[in-house]
*Asks:* 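This is the structure I want to talk about, given as structure tokens.
For reference, positions follow the sequence shown, starting with 1. These numbers come from a predicted model, not from an experiment.
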Amino acid sequence: MESARYDLEFREGQPVLGGLRPVFSPHAQITTQRFRGQVWFVAQDPVSLQYFRFGPTEHRVVKLLDGRHTLREIHQEVQREMGAEAPTFQDVVAFVQMLRGANLLQAAESEKLDALYKRVKKRRRERTKQLLANFLFPQIPLYDPERLLERTIPYLRWLFSRWAFAAWLAVVLIGLGLFFYHIRDLAKPAERVLAPENLLLLWATFAVLKLFHEFAHAYLAKHYGSEVHRMGIMFLIFTPCAYVDVTGLWAVESKVSRALVGAVGMMVELFIASWALIVWLITEPGTLHSIAYNTIFIASVSSVLFNGNPLLRYDAYYILADIAELPNLWTNARRHLLYLGQRYLLGLEVQPPTHDAREKVWLVAYGIASFIYRTLVVIGIILFIASSLLGLGLILGIGAAAVWLVAPLVKLVHYLLFAKATRHHRLRCVAVFAAVAAAAMAPLALLRLPQYVYSPCALAEQERAVVRARWKGFVEEVRVHDGQMVAKGQLIAVCRNEDLHYDAVRTQKQLEIARIRLASYEKANDLPAAQVERARIRELEQILEVLRQRVADLRLTAPCDGRVIAPDIANAPGRFLNVGDPLALIAREPFSRIIVVTDQAGIADVQRVRDQPVAVRFLSHPQREVRCPITKVLPQATHEIPSAGLTDRAGGPVLLDPSAPDADRTLLPWFRVELELPADAPPVPLGATGTARFQIARKPLLSQWYYKLLRLLRTRFFL
């Protein structure tokens with residue numbers, strides 16, 4: 001047993017301590033487990049439902065806590081059994097104090113109510129601190145499901161049979177096969193999953209799916225004999241979902257059973273998502289189709305980022321800690337990193353949380369990795385919320401900075417300057433703190449690094465012409481395909497208009513009849529009738545000329561040389577075109593003009609560096625960077641569409657105006673910057689999108705972050 005120092009409330013010297021007769025709580029349940037090849041004992045606090053693990057030596061002490069033995073007698077008895085390996089009297093007292101703090105000692109009748117009241121208040125304070133520290137993922141207990149589980153588990157035990165597992169495996173394997181076969185089709189709707197019209201449906205799907213997830217944990221834990229006494233609501237990015245506390249699993253000896261309980265929630269999500277994928281493939285767009293896709297999306301994202309990632313304290317974390325035999329992995333990792341700082345930076349004589357070399361490696365690696373990942377997830381969530389609700393994002397950012405930066409920093413300063421442990425090392429503590437702070441802040445405040453502005457861009461043609469319908473009709477035949485080079489006047493498509501063809505034939509027959517009638521009038525020397533007929537013939541000839549021109553206009557030709565840009569032209573036959581409707585775009589080479597979209601703040605930065613080349617990366621060649629000169633900077637804002645690939649319809653950042661009848665204008669004004677693609681650059685397909693990077697200055701990172709924050713506020717709030 002490791003020696004430790006405790007502030008004992010009843011400490012008045014060893015004689016007094018040695019005469020105490022503590023009693024181990026008769027309500028506490030102790031179970032046996034094998035851990036790292038050794039026997040360990042797990043005790044449950046019947047009030048808080050928390051579990052505590054201790055070894056065989058401590059278990060000897062627990063068996064002697066019967067109210068008949070004093071602490072001195074217990075220590076002497078353990079010494080007789082263990083000899084030189086026996087713990088010291090101070091260790092025994094510290095262990096008994098730990099049991100008292102864990103509510104595992106029986107209190108006197110007069111002390112029970114007061115002790116329980118103090119424990120409840122302490123527990124509430126701890127929960128309040130936990131809510132503040134995890135305000136993005138708070139948990140609120142609401143319900144004790146033990147009775148419900150006890151009544152219904154007999155009807156659901158078949159779900160945990162081998163036959164049920166075989167059915168689950170078959171469905172999931174089919175789902176995985178379909179997923180990878182249709183992965184490209186599944187990727188396309190992901191761009192619209194957060195569209196406003198889908199948010200309510202997405203939220204409802206998330207809540208229902210997580211309800212199945214948590215009840216799966218509860219029922220399997222109950223199946224293995226564990227008690228489940230706490231269920232409630234947890235908020236993930238302000239989205240309420242169910243959660244269940246299955247810490248009673250510590251009473252289950254089988255490590256495999258505990259791991260299955262941790263994994264069953266994700267297994268249920270995969271099962272439901274597999275069926276949802278089948279439904280999505282066989283249904284047409286509609287409510288059921290959207291629910292199925294939302295289920296697939298939620299099951300995949302939540303499993304990868306949260307439940308299936310051991311760096312966050314969700315399902316995979318508990319599975320990892322149990323299989324690796326590292327209980328309280330997250331807490332012990334923090335304690336070990338704190339010990340390393342105290343021991344090797346401050347020079348304090350403190351005891352390490354563990355002496356196991358293997359466990360030390362785990363604690364250091366997990367502590368650093370989980371801190372980095374947790375920070376990135378929190379920052380990502382705040383930025384995601386700020387992209388839609390800037391005010392809420394700023395509030396969350398300030399809250400996160402206060403909880404995870406300011407508060408720990410204040411505690412650290414207080415510890416260094418006023419704690420008893422640092423009293424004899426105060427000067428070193430201050431020096432180390434100043435050195436670490438200077439080492440962290442100096443690069444941020446003094447090191448000048450390139451400052452960049454990033455803007456979306458697309459490769460465009462030098463000139464373009466639109467093939468439009470000159471008269472209304474149905475597309476009958478298409479003579480070209482997307483990307484084909486055509487010459488001026490080359491036939492693009494043929495349209496059909498039965499009414500126009502009938503009018504032309506009828507007018508032709510009427511003209512022929514009029515000419516025959518004129519000949520008869522002239523032969524009969526009927527001059528007045530002949531004169532009237534000649535006027536009618538001229539009128540019919542004019543009408544026929546117009547009709548023939550309209551018939552000719554049904555043949556759509558290329559207005560110039562260039563390349564056909566019409567991704568959907570193969571589906572054009574049968575489509576009705578009205579006068580002026582576009583069918584295809586003819587782009588004239590060379591394709592070397594790059595259009596960059598920027599806002600008002602960005603155009604001011606670009607104008608200062610218009611003589612410097614710009615680094616461009618296209619999505620078609622992300623590994624290649626092309627240096628392009630700036631050819632034109634237009635200071636006037638515009639609402640015209642820069643490129644179809646940059647609009648939100650194609651997953652780009654430029655929002656189209658929903659009120660525009662033909663969606664032919666952007667929602668917000670933008671500024672155009674034009675670049676020239678060098679002749680020696682690798683070939684890039686027309687319309688390819690990418691990112692243009694402008695280097696606008698060289699400044700320290702603190703100055704750059706302040707600039708970005710100020711620019712964000714000006715852009716969103718027009719400050």
Side-chain angles (χ1 to χ4, degrees), residues 1-8 11 35-36 38 40 52-55 57-58 84-98 101-102 126 129-130 133 310-311 313 317 320-321 324-375 403-444:
M1 184 184 299
E2 301 176 3
S3 60
R5 295 180 180 178
Y6 291 90
D7 293 325
L8 302 176
R11 185 171 184 177
F35 182 78
R36 297 183 187 175
Q38 299 180 357
W40 292 79
F52 303 89
R53 181 173 60 89
F54 45 84
T57 302
E58 290 90 342
E85 297 181 357
T88 64
F89 179 73
Q90 184 180 3
D91 291 337
V92 173
V93 173
F95 175 66
V96 172
Q97 173 64 4
M98 186 276 291
E126 291 175 352
K129 291 180 181 179
Q130 189 176 16
L311 296 179
R313 297 176 68 185
Y317 162 79
L320 172 66
E325 297 185 336
L326 295 168
N328 298 322
L329 175 58
W330 186 76
T331 303
N332 290 336
R334 295 179 60 192
R335 290 177 56 199
H336 189 69
L337 292 178
L338 179 62
Y339 156 75
L340 293 177
Q342 292 174 322
R343 179 68 181 86
Y344 297 103
L345 290 180
L346 304 182
L348 303 181
E349 294 295 333
V350 292
Q351 293 294 328
T354 179
H355 293 280
D356 190 320
R358 167 185 170 274
E359 187 172 353
K360 289 180 180 180
V361 175
W362 268 101
L363 296 180
V364 172
Y366 183 85
I368 296 174
S370 63
F371 173 78
I372 294 175
Y373 184 78
R374 183 183 178 89
T375 302
V403 172
W404 289 317
L405 184 61
V406 177
L409 188 61
V410 171
K411 290 182 179 179
L412 176 61
V413 172
H414 184 272
Y415 175 78
L416 296 177
L417 298 181
F418 303 106
K420 293 181 179 179
T422 61
R423 179 172 50 190
H424 301 296
H425 303 78
R426 201 80 73 197
L427 183 60
R428 177 171 176 171
C429 291
V430 173
V432 169
F433 178 77
V436 172
M441 295 299 298
L444 300 178

*Asks:* For residues 427-434, please give each side-chain donor-acceptor pair under 3.5 Å, one per line with the distance, not counting sequence neighbours.
*Replies:*
from : atom 1 : to   : atom 2 : distance (Å)
R428 : NE     : L345 : O      : 3.1
R428 : NH2    : L345 : O      : 3.3

*Asks:* Got a sec, which residues hit ring pair (Phe, Tyr, Trp, His ring centres under 6.0 Å) with F418, two or more places apart in sequence or on another chain?
*Replies:*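 Result, ring pair (Phe, Tyr, Trp, His ring centres under 6.0 Å) vs F418: H414.
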*Asks:* Report the C-alpha distance between L311 and F371 in whole Å, list the side-chain angles of each, state the deciding distance to 0.1 Å, and finish with yes or no for side-chain contact (heavy atoms from CB on, under 4.5 Å).
*Replies:* CA-CA 8 Å; L311 296 179; F371 173 78; over 6 Å; no
*Asks:* Please name all residues satisfying side-chain contact (heavy atoms from CB on, under 4.5 Å) with Y415, sequence neighbours left out, ordered by chain then number.
*Replies:* Q342, L346, L348, A419, A421, T422
*Asks:* NZ of K360 to CG of L340: how many Å apart, nearest 0.5 Å?
*Replies:*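 One gets 8.5 Å once the value is rounded to the nearest 0.5 Å.
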*Asks:* Not counting sequence neighbours, list each pair that qualifies as a ring pair (Phe, Tyr, Trp, His ring centres under 6.0 Å) and has a residue in residues 328-350.
*Replies:* H336-Y339
*Asks:* Please name all residues satisfying side chain to side chain donor-acceptor pair (under 3.5 Å) with R343, sequence neighbours left out, ordered by chain then number.
*Replies:* none
*Asks:* With distance as the sole test, does R426 use its side chain to make a donor-acceptor pair with the main-chain N or O of L417 at under 3.5 Å?
*Replies:* yes
*Asks:* For residues A438 and P443, report the shortest heavy-atom separation together with the two atoms involved.
*Replies:*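 For A438 versus P443, the nearest heavy atoms are O-CD, 4.2 Å.
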*Asks:* Any chance you could measure Y366, atom OH, to L320, atom CG, to the nearest 0.5 Å?
*Replies:* 7.0 Å
*Asks:* Return the set of residues passing side chain to side chain donor-acceptor pair (under 3.5 Å) with S370 (not counting sequence neighbours), or none when no residue passes.
*Replies:* none
*Asks:* In Å, rounded to the nearest 0.5 Å, how long is the span from NE2 of H424 to CD of E349?
*Replies:*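 So the NE2 of H424 and the CD of E349 are separated by 12.0 Å.
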*Asks:* So which atom in T354 and which in E359 form the shortest heavy-atom distance, rounded to 0.1 Å?
*Replies:* OG1-OE1, 3.2 Å
